[in-house]
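Read through the structure below, which is laid out as structure tokens, and then see the notes.
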Amino acid sequence: MKMVFRWFGEGNDTVSLDQIRQIPGVEGIVWALHDVPAGEEWPMDKILAVKTAADQAGLHLDVVESVNIHEDIKLGLPSRDKYISNYIKTMEKLAQVGVKVICYNFMPIFDWLRTDLHKEMEDGSTALFYEASKIENIEPLELVRKINENSTLTMPGWEPERLQYLTGLFEAYKDVTEDDMWENARYFLQEIIPTAERLGIRMAIHPDDPPWPIFGLPKIIINQDNVRRYLNLYDSPSNSVTLCSGSLGANPDNDIIGMIHEFSDRIPFAHIRNVKVYENGDFIETSHRSQDGSVDIAGVVEAYHDIGFEGYARPDHGRHLWGEECRPGYGLYDRALGIMYLWGVWDSLQRRANV
Ligand code: CS2
Ligand code: MN
């Protein structure tokens with residue numbers, strides 16, 4: 001297991017590379033050019049600037065999250081070919097600086113979605129929270145406005161410049177079915193995977209978060225059957241999955257440990273975090289500890305250990321602790337604590353295996 005840590009870039013993150021390098025066992029950053037709109041080719045000078053900063057901190061940049069997919073690709077519009085060609089050019093540049101894994105998602109319009117970014121927990125910390133009834137009773141635009149109001153740093157995928165097109169996007173998705181999404185995903189994979197193979201890059205789809213349809217938008221990467229179906233759309237090690245225990249774990253029917261075993265050779269990148277799910281469908285992001293949430297994180301780590309996992313792993317989101325002001329879900333403290341939990345479980349399994 002190679003530990004990595006998400007970093008949003010200079011001036012775009014409250015956490016610094018100097019802090020990241022002090023977290024035990026962290027070897028690299030998970031990064032992206034967050035200011036480049038989806039669909040545009042990433043400029044080499046900006047890529048190199050991240051590389052220089054990472055090199056100076058002694059961290060690698062093997063994992064990119066995300067190169068976002070333009071909506072026209074997900075919608076299957078004729079203009080998709082132009083955006084796919086830009087995507088391929090970005091892949092080629094990333095390979096030049098040594099990138100090995102590119103995480104991306106195939107969610108319509110939104111990236112992850114919550115109703116409250118600072119839900120107070122009993123111990124006084126705050127965390128990302130999803131209240132099912134709120135989603136059912138609010139217009140998407142209203143929700144996004146409310147959420148951005150309470151946050152100084154925008155969540156990835158929720159950038160204001162994208163959101164101004166929200167109404168038009170909903171219109172565009174009106175008649176798009178799940179079958180259409182599958183077909184559009186297949187087309188995308190067929191175009192990009194041969195390049196990924198040639199470059200030695202593993203494309204790793206991130207599951208939808210939450211893993212069910214919201215606002216009537218189709219969702220496809222939501223459970224074990226669908227991950228299998230996605231991997232079978234193009235049978236290649238370069239078509240792989242970012243197994244996110246938190247996203248998939250929001251649905252208690254999802255057997256994360258079973259997925260780690262089934263997809264063992266197709267998981268180059270693991271997102272590990274816990275989530276507590278309530279009977280009414282609400283969920284909150286908790287500490288990594290198994291006892292604190294609904295996902296058995298110790299069991300998840302054990303499963304990775306069992307399959308001899310040699311891929312990259314990162315703590316996914318964390319709570320906001322000790323008064324830390326940070327990007328929602330992406331503070332330093334709880335993610336660093338999460339890493340120590342993951343190492344604690346991993347190292348004790350390792351010792352036992354070595355006896
Ligand atoms: C999220 C997402 O769960 C997560 O990792 O923070 O924003 C994720 O980075 C994207 O969906 C991946 O494309
Ligand atoms: Mn994730």
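Sequence positions, counted from 1, serve as the residue numbers for this chain. None of these values were measured; they are calculated from a predicted model. Counting convention: from 1, in listed order, for ligands and their atoms alike.
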task: For the atoms NE2 of H206 and OD2 of D316, give the angle they form at the Mn ion (ligand 2), rounded to 10 degrees.
output: 160°
message: How large, to 10°, is the angle at the Mn ion (ligand 2) when you draw lines to ND1 on H271 and to SG on C244?
response: 110°
message: Whether R335 engages the ring of F5 as a cation-pi pair (distance to the six-membered ring centre under 6.0 angstrom, angle to the ring normal within 45°) should be assessed.
response: yes
message: For H34 and F8, take the angle between the two ring planes, folded into 0 to 90°, and tell me which bin it lands in: parallel under 30, tilted 30 to 60, perpendicular over 60.
response: tilted
- line: Counting heavy atoms under 4.0 Å, the part of R314 that contacts ligand 1 is side chain
message: For a side-chain hydrogen bond (donor to acceptor under 3.5 Å, both in side chains) check, start with the C-alpha distance between S125 and D123, then their side-chain angles and the critical distance, and finish with the verdict.
response: CA-CA 6 Å; S125 61; D123 59 10; 2.6 Å; yes
- request: Report, in ascending order of atom number, the atoms of ligand 1 lying under 4.0 Å from any heavy atom of Y104.
  value: 13 (O)
W112 neighbourhood, listing ligand 1 atoms whose heavy-atom distance to it stays under 4.0 Å: 1 (C), 2 (C), 6 (O), 7 (O)
field: Flag if over 12 foreign heavy atoms under 6.0 Å of CD, Q291
entry: yes
message: Residue-level breakdown please: for F269 versus ligand 1, do any non-hydrogen atoms fall below 4.0 Å on the side chain, on the backbone, on both, or on neither?
response: neither
- prompt: Mind checking whether R6 has an N or O less than 3.5 Å away from an N or O of ligand 1?
  reply: yes
message: For a quick check under 3.5 Å, do Y187 and D81 share a side-chain donor-acceptor pair by atom type?
response: yes
field: Under 4.0 Å to a heavy atom of Y330 - the qualifying atoms of ligand 1, by number
entry: 1 (C), 4 (C), 5 (O), 6 (O)
message: Regarding D209, does it place an N, O or S atom less than 2.8 Å from the Mn ion (ligand 2)?
response: no
- request: Using a strict 4.0 Å cut-off to heavy atoms of H317, name the atoms of ligand 1 that fall inside it.
  value: 1 (C), 3 (O), 4 (C), 6 (O)
message: Heavy-atom contact check, 4.0 Å cutoff: does E285 meet ligand 1?
response: no
Parallel, tilted or perpendicular: rings of Y130 and W212 (30°, 60°): perpendicular
field: Under-4.0 Å heavy-atom contact with ligand 1, by part of D316 that carries it
entry: side chain
- request: May I ask you to decide if the ring planes of H70 and Y83 are parallel, tilted or perpendicular, using 30° and 60° as cut-offs?
  value: parallel
- prompt: What atoms of ligand 1 come within less than 4.0 Å of a heavy atom belonging to H271?
  reply: 5 (O)
Ligand 1 atoms in contact with M107 (distance to a heavy atom under 4.0 Å): 11 (O)
- prompt: What part of N105 sits under 4.0 Å from ligand 1 if we count only heavy atoms: the side chain, the backbone, both or neither?
  reply: both
- prompt: Ring centroid separation for Y104 and H206, is it under 6.0 angstrom?
  reply: no
